2 protein chains.
Amino acid sequence: MEAHPTLDQLEIFLAVVEEGGFSAAARKLNRAQSVISYGVSNLEAQLGLQLFERTGTRQPRLTESGASLLQDARRMIAGLQMLRARAHGLAQGLEGEVRLAVDVLVPMPVLTVVLESFRTAYPTVGVRLYTGALGAAADVVMRGEANIGIVGEAMSSLPELVSHLVGGNQISPVAAPSHPLARADAPVPKAVLREYPQVVISDLSRWTDGRDFHVYALNTWRVSDLATKHALISAGLGWGGLPVWLIHDELESGRLVALSLEPYPPSNYSMFAIRRDDKPFGPAASWMAERFEAAFADFSRIRK
Amino acid sequence: MEAHPTLDQLEIFLAVVEEGGFSAAARKLNRAQSVISYGVSNLEAQLGLQLFERTGTRQPRLTESGASLLQDARRMIAGLQMLRARAHGLAQGLEGEVRLAVDVLVPMPVLTVVLESFRTAYPTVGVRLYTGALGAAADVVMRGEANIGIVGEAMSSLPELVSHLVGGNQISPVAAPSHPLARADAPVPKAVLREYPQVVISDLSRWTDGRDFHVYALNTWRVSDLATKHALISAGLGWGGLPVWLIHDELESGRLVALSLEPYPPSNYSMFAIRRDDKPFGPAASWMAERFEAAFADFSRIRK
DNA sequence: CTTATCCAATCAAGTTTTCCGATAAGTATC
DNA sequence: GATACTTATCGGAAAACTTGATTGGATAAG
């Protein structure tokens, strides 16, 4: 009653079920047949019930109870294999977890493709994901909460960070078709531009405090995330820069219009993988950084 | 390398982490302190890594690897307890699984309340849920695929079934307010009624084949589920009976109108728990049947 | 500074468990 | 009925586990 079932016993149990017999299980596990018999009867004694119906018939059959417990046994063995795989990875220097901070400008298709392939390549390495605008993602890396960040150019040049170019991102100033700028003569000079409210992502981290990028208007809407910026611009409340991947369909269908502005041409916003200089990548993190580079390349190839 | 970690070792590991020390873990587990030492170092050897940082310090601290594996270890022990609990239940005659077939007329709030309380009362008993209209649910019980059914009156009187009244269900003929019957003089006689298309749930099981209940119209829409019936009636394509619990809000707001029909008054449709006479309920199934009765009672009390 | 206390590691010895190989008893198939 | 295959069981050997005592080290109190 005190005694626990053993993983060994559960493994025997599974082998018997899968192979359909005690002897076959013994062969599969490379152990004596008596061990199987012994193991099964011990397991049955500890659980206080019969797992197999073996009334002299050639093949023992699972009882109903056995079938119910089979699922638990499978879970246990799967968990064991997971644990062993993780331990094996850790023993070889793999991280137990990668904490990734991404800027909101990283195209979602790139992010999902990378995460998906990462999961199959490193099933034992957990992923923790932080997202933030502009400085926020870099800030998380600076504080050591994330060990890899994918951020824009401006953030990657801080002295405590090591950065590596992984790809680019087309940003274009846009507005709703009903917006006056959409119908103005191109290119719009700076002096005109500043008269129209601009939607700007603002960020509360200390690294970008007070700095503005491509802000020309006197009047700004400050939002904290890309979705809100997108919504405000779509609603015609103002103009602003948005990544082309996000609004590709809307540009095609005319629900948004690309603006031609003198001081703000459509620009390629480079993205960098960053880490703190005193926290080198483990194998999984550096694999992930390479994968981001490849995914960015694939992504811009498809867009063209 | 071949040797598996043992559940015993994992339990020791957890105890050390929770108690914060080897000796404390020994006290908790009522075992000699050397066992803890032995067990931890064996586990570390088998996994090929260090779990604790113990550089002469008073309290051993988890390494990063240890923290990663801790979660797996917890899962394993939780799984073990689940398995043992299920085995304990099975040994005492509990079912490993209850297969429940419900008629679509069972109010969803009743069903969810019962399933929720069942899950807390019998966490080790799995539930498989079948839903169907009219005969379908009873059919599943007849065929032995489900061991408990909650069905309407007509299905419960088959000779191979044992049935028990668990509650009732108000059914009312209704139509959209735009429907001619909604504005007709009440009560509508049968001869008039048959001129308007009726939406009827039809069921393909052999037990109700060819039988119809409360079908008066010459022209019928035959659908296979309640949601479709509901949608067709709401759209004004026809009239038909719907359970009051489903359309309570729509009756209040006037989006549906209760009809007063001479041959089809609002009726109480009784619901029965059924089982095959040669397959008696186990303890969990009979608890569930009782719970359905209580839930139906609560439900109709609240509706009043 | 000394002493007492608590801790983890290790060792030797006894006990229990597990394993193997052989054997027995039984069942399908030919 | 012979044969080839099962599962159960037993005895002896090997391995693993447990215990209790001891050691060396770190902390806290006197």
Side-chain angles (χ1 to χ4, degrees), chain A residues 1-63 65-66 70 73 76-77 80 84, chain B residues 1-63 65-66 70 73 77 80:
Chain A
M1 144 129 192
E2 266 296 328
H4 288 209
T6 302
L7 284 173
D8 226 48
Q9 291 168 346
L10 296 180
E11 204 174 23
I12 289 174
F13 176 40
L14 289 188
V16 171
V17 171
E18 278 161 24
E19 302 291 311
F22 285 32
S23 302
R27 281 191 294 275
K28 179 185 184 187
L29 298 177
N30 292 317
R31 301 164 90 167
Q33 173 264 323
S34 59
V35 175
I36 310 297
S37 218
Y38 182 69
V40 170
S41 66
N42 274 357
L43 185 55
E44 288 180 330
Q46 271 152 8
L47 298 178
L49 46 83
Q50 251 194 297
L51 296 172
F52 294 99
E53 201 85 52
R54 38 202 193 288
T55 61
T57 168
R58 195 165 187 76
Q59 311 284 50
R61 261 196 323 282
L62 268 178
T63 61
S65 303
L70 179 60
M76 294 288 290
I77 296 301
L80 173 66
R84 275 164 55 93
Chain B
M1 144 131 190
E2 266 299 326
H4 287 207
T6 302
L7 285 172
D8 226 49
Q9 291 169 345
L10 295 180
E11 202 172 26
I12 288 174
F13 175 41
L14 289 187
V16 171
V17 172
E18 277 162 24
E19 301 292 309
F22 285 34
S23 301
R27 282 192 293 276
K28 181 186 181 187
L29 298 178
N30 292 318
R31 302 166 89 169
Q33 174 262 321
S34 57
V35 174
I36 310 298
S37 220
Y38 183 70
V40 170
S41 65
N42 274 357
L43 185 56
E44 288 180 330
Q46 273 154 6
L47 299 179
L49 46 82
Q50 252 195 299
L51 297 171
F52 294 99
E53 200 85 52
R54 39 202 194 289
T55 61
T57 170
R58 197 165 187 73
Q59 311 284 49
R61 260 196 322 282
L62 266 179
T63 62
S65 304
L70 179 59
I77 296 301
L80 173 67

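All values reported here derive from a predicted model rather than from experimental measurement.
At whole-Å resolution of the value, CZ in A:Phe52 and P in D:dT7 are 10 Å apart. Atom CD in A:Gln9 sits roughly 9 Å away from atom P in C:dC19 (whole-Å rounding). Atom CD1 in A:Ile36 sits roughly 15 Å away from atom C1' in D:dT9 (whole-Å rounding). In this structure, CG of A:Asn42 is placed 10 Å from P of C:dC19, rounded to the nearest angstrom. Straight-line distance from the CD1 atom of A:Ile12 to the C1' atom of C:dT18: 10 Å, rounded to whole Å. What separates CZ of B:Arg61 from P of C:dA8 is a distance of 13 Å, to the nearest Å. The interatomic distance linking B:Leu29 (CG) with D:dT19 (P) rounds to 11 Å, in whole Å.
If you look at A:Tyr38 and A:Phe22, their ring centroids are not closer than 6.0 Å.
One axis for each end of the helix from C:dC1-D:dG30 to C:dC30-D:dG1, each built from five base pairs, and the angle between them comes to 30° at 10° resolution.
Of the candidate nucleotides D:dT19, D:dT7, C:dA8, D:dT19 has the atom lying nearest to any side-chain atom of B:Val35. Between C:dA9, D:dT18, C:dA22, one nucleotide has an atom nearer to the side chain of A:Gln33 than all others, and that is C:dA22. Checked against C:dA9, C:dC20, C:dC7, the side chain of B:Arg27 finds its nearest nucleotide in C:dC7. Nearest nucleotide to the A:Tyr38 side chain, out of C:dT17, D:dT6, D:dC17: C:dT17. The A:Ala32 side chain lies nearest to C:dC20 when the options are C:dC20, D:dA8, C:dT10. Which of D:dT6, D:dA8, C:dC7 sits closest to the side chain of B:Ser23 comes down to C:dC7. Minimum atom distance to the side chain of B:Ser34 is reached by D:dT19, of the listed D:dT9, C:dC19, D:dT19.
Within the nucleic acid shown, A:Gly21 comes within 4.0 Å of sugar-phosphate atoms alone, with no base atom in reach, counting heavy atoms only.
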Report task. Starting from the C-alpha separation in whole Å, work towards a yes-or-no answer on side-chain contact (heavy atoms from CB on, under 4.5 Å) for A:Leu43 and A:Phe13. Result -> CA-CA 8 Å; A:Leu43 185 55; A:Phe13 176 40; 3.9 Å; yes
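Ion pairing between A:Lys28 and A:Glu18 holds under the 4.0 Å rule for side-chain N and carboxylate O.
Neither OP1 nor OP2 of D:dT19 sits under 4.0 Å from any side-chain N or O of B:Arg31.
Sorted by first then second residue, the salt bridge (Lys or Arg N to Asp or Glu O under 4.0 Å) pairs that include residues 30-50 of chain A, not counting sequence neighbours, are A:Asp8-A:Arg31, A:Glu44-A:Arg54.
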